[in-house]
Number of protein chains: 2
Amino acid sequence: MVERDTALLIQDSPFARKLSAFVRLAPGDLSVMSDLYRRRRRFAVGVDMIHQGQTDHAAYVLASGWACSYKILPSGNRQIVDIQIPGDFLGLRSVLFRTSDHNVEPITVVHASEVTQRDLLSAFSETPRLATAVLWAASRDEAMVVEHLVDLGRRNATERMAHFLLELGARLRLVGLADKAGFACPLSQYLLADTLGLSAVHVNRVLRELREEGLVTFQKGHVTFDDYEALVEFAGFDRAYLDHEGPLLT
Amino acid sequence: MVERDTALLIQDSPFARKLSAFVRLAPGDLSVMSDLYRRRRRFAVGVDMIHQGQTDHAAYVLASGWACSYKILPSGNRQIVDIQIPGDFLGLRSVLFRTSDHNVEPITVVHASEVTQRDLLSAFSETPRLATAVLWAASRDEAMVVEHLVDLGRRNATERMAHFLLELGARLRLVGLADKAGFACPLSQYLLADTLGLSAVHVNRVLRELREEGLVTFQKGHVTFDDYEALVEFAGFDRAYLDHEGPLLT
DNA sequence: CGTGCTCTTGATGTCAGTCAAGAATCGTGG
DNA sequence: CCACGATTCTTGACTGACATCAAGAGCACG
């Protein structure tokens with residue numbers, strides 16, 4: 001009975017929602033997942049969860065709150081590589097690689113479950129379906145880093161912003177934190193700048209432009225898609241790999 | 001006897017050299033690897049090996065020649081995500097993800113071994129050490145995509161070029177195709193432009209500048225490090241994760 | 001009710017793109 | 001082995017997107 005309750009709770013977690021998009025999860029999978037949820041920890045804003053060069057740390061599953069992974073250049077410039085939202089894995093690669101090559105910092109207060117290499121491997125051996133789902137999710141996340149790279153290399157500031165907001169919206173929708181109308185977004189214009197490789201001033205101008213064009217509005221911590229279709233068109237957003245409904249593997 | 005010969009050949013392959021940097025490979029590992037080398041194929045310049053949207057294709061291990069993976073934007077612009085050199089895995093992610101989200105094109109004539117998901121999994125179950133090595137190598141490759149992303153976001157054209165050439169040199173050194181003096185490089189200035197998110201014209205100017213500063217010379221298909229230390233300094237190149245000597249795991 | 005943040009806007013500067021045109025090099029067939 | 005066309009490289013002049021500098025306004029928090 002207790003186990004079933006836990007399973008129900010897990011089922012509603014962002015992590016489970018995300019994996020459900022890839023694989024239909026059986027009750028057995030859910031109970032293994034709830035084991036992964038054991039060691040819950042809390043992180044305050046601005047205190048690195050993981051930092052460059054650190055060795056032998058755990059990975060985390062983000063339960064609530066937002067974080068970002070970034071690198072600092074010798075010049076002091078910073079580039080945010082990825083924004084992490086609830087349901088995302090965090091530091092999965094650095095568990096393998098032993099030593100992390102980037103920093104992870106909470107943007108809001110974060111609750112996350114610590115997952116060791118051992119936890120993960122034992123969970124995988126119990127339910128291979130879960131392993132498939134996690135790898136699949138990890139692949140998608142990596143695909144998004146690639147899309148981000150294309151953003152920086154070959155899109156101008158306005159397209160870049162539009163594309164980023166659409167992608168973020170699609171990811172949040174997957175875990176039930178957004179709909180086609182919009183979503184709550186704790187990112188400051190400084191964070192956007194470091195993500196998109198722009199100056200904060202220019203981010204401001206670009207947001208104004210998008211707002212005045214009637215495409216998206218980002219104000220007071222909320223993103224509103226004023227004309228979703230037009231925005232998709234404008235950004236050259238490829239909906240194929242993000243817009244699916246229901247599990248791909250049943 | 002035949003088996004030993006094969007093992008010797010494999011041992012000298014770029015693939016084995018690369019993995020050896022991470023894991024000390026036993027004779028058993030080498031013979032499993034030679035199985036992976038079975039289905040050898042040849043690809044002509046300019047004919048896509050993998051293309052966007054294609055499903056159910058194999059992955060490859062690059063035996064000789066160079067390739068690149070790229071994406072095309074609706075605007076027609078292209079961004080090269082990664083340059084692939086001998087020893088690199090190619091399409092590893094898309095085997096998992098079933099459908100590829102990018103194209104792969106040979107830059108020179110390419111010889112590569114086809115590896116199916118089945119091959120890979122059976123090889124892994126035979127020698128877990130090999131699995132570790134492959135995942136490790138894949139992690140490093142992903143780390144390089146991240147570094148490339150930082151390049152595009154926060155480095156100016158000259159630093160970007162310097163950093164790219166150093167990284168490429170380090171990767172080639174790992175498979176015995178470069179030394180600290182330099183390496184043979186079949187990339188045209190157009191390819192460099194699509195890689196670094198620059199125009200071909202500006203690539204030319206940047207190369208001239210680096211040459212006149214006495215840092216690197218890239219001419220007639222050959223990169224020469226005129227002052228390696230100064231270049232590392234100038235590019236803010238983090239040698240830690242590329243510069244190691246000998247296997248990390250023995 | 002200051003003291004920081006974050007946002008906003010204008011003025012000015014610069015890095016890199018675009019256009020254009022000629023030189024060098026490569027590949028291919030005669 | 002040479003001639004030709006096709007790439008690739010090189011350089012200059014001009015343009016434009018985005019950075020930097022500066023300064024004020026709105027808001028949150030102690």
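Lettering of chains follows the sequences in order, A, B, ..., and the numbering in each one begins at 1. All values reported here derive from a predicted model rather than from experimental measurement.
- Salt-bridge check for B/Glu147 with B/Arg155: passed, with a basic side-chain N closer than 4.0 Å to an acidic carboxylate O.
- In terms of modelled atom types and a separation under 3.5 Å, the side chain of A/Arg40 and the main chain of A/Ser113 share no donor-acceptor contact.
- For the ring pair (Phe, Tyr, Trp, His ring centres under 6.0 Å) test, residues two or more places apart in sequence or in another chain that qualify with B/Phe15 are B/Phe89.
- At a threshold of 4.0 angstrom between heavy atoms, the contacts of B/Gly197 are confined to the sugar-phosphate backbone, with no base atom among them.
- Remark: side-chain polar atoms of B/Gln79 are paired, donor with acceptor, to backbone N or O of B/Asp194 under 3.5 angstrom.
- Atom-to-atom, CG of A/Leu192 to P of D/dA19 comes out at 13 Å; the value is rounded to the nearest Å.
- If you measure from atom CZ of A/Arg155 to atom P of C/dG17, you get 17 Å, rounded to the nearest angstrom.
- Side-chain atoms of A/Asp48 and A/Tyr70, non-hydrogen and from C-beta on, do get closer than 4.5 Å to each other.
- Rounding to whole angstrom units, CZ of residue A/Arg154 and C1' of D/dA17 are separated by 15 Å.
- In this structure, a donor-acceptor pair under 3.5 Å is present between the side chains of A/Asp226 and A/Thr217.
- Distance CD (B/Gln79) to P (C/dG17): 12 Å, rounded to an integer number of Å.
- Taking atom NE2 of B/His222 as the reference point, atom P of C/dT25 lies 17 Å away to the nearest angstrom.
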Quick tally for nucleotides 3-15 of chain C: nucleotides whose base has a protein heavy atom under 4.0 Å get B, sugar-phosphate-only ones S, the rest -, giving ----SBBBB----
Got a list of protein N/O to nucleotides 27-30 of chain D N/O distances below 3.5 Å?
none

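- Separating the CE atom of A/Met161 from the P atom of D/dA17 is a distance of 17 Å, rounded to the nearest angstrom.
- A tilted orientation is assigned to the rings of B/His148 and B/Phe164, their planes being inclined by 30° to 60°.
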Start with the C-alpha gap between A/Met144 and A/Arg171, add the side-chain angles, then the distance that decides, and say whether side chain to side chain contact (heavy atoms under 4.5 Å, CB included) holds.
CA-CA 10 Å; A/Met144 269 174 356; A/Arg171 289 172 64 190; 3.3 Å; yes
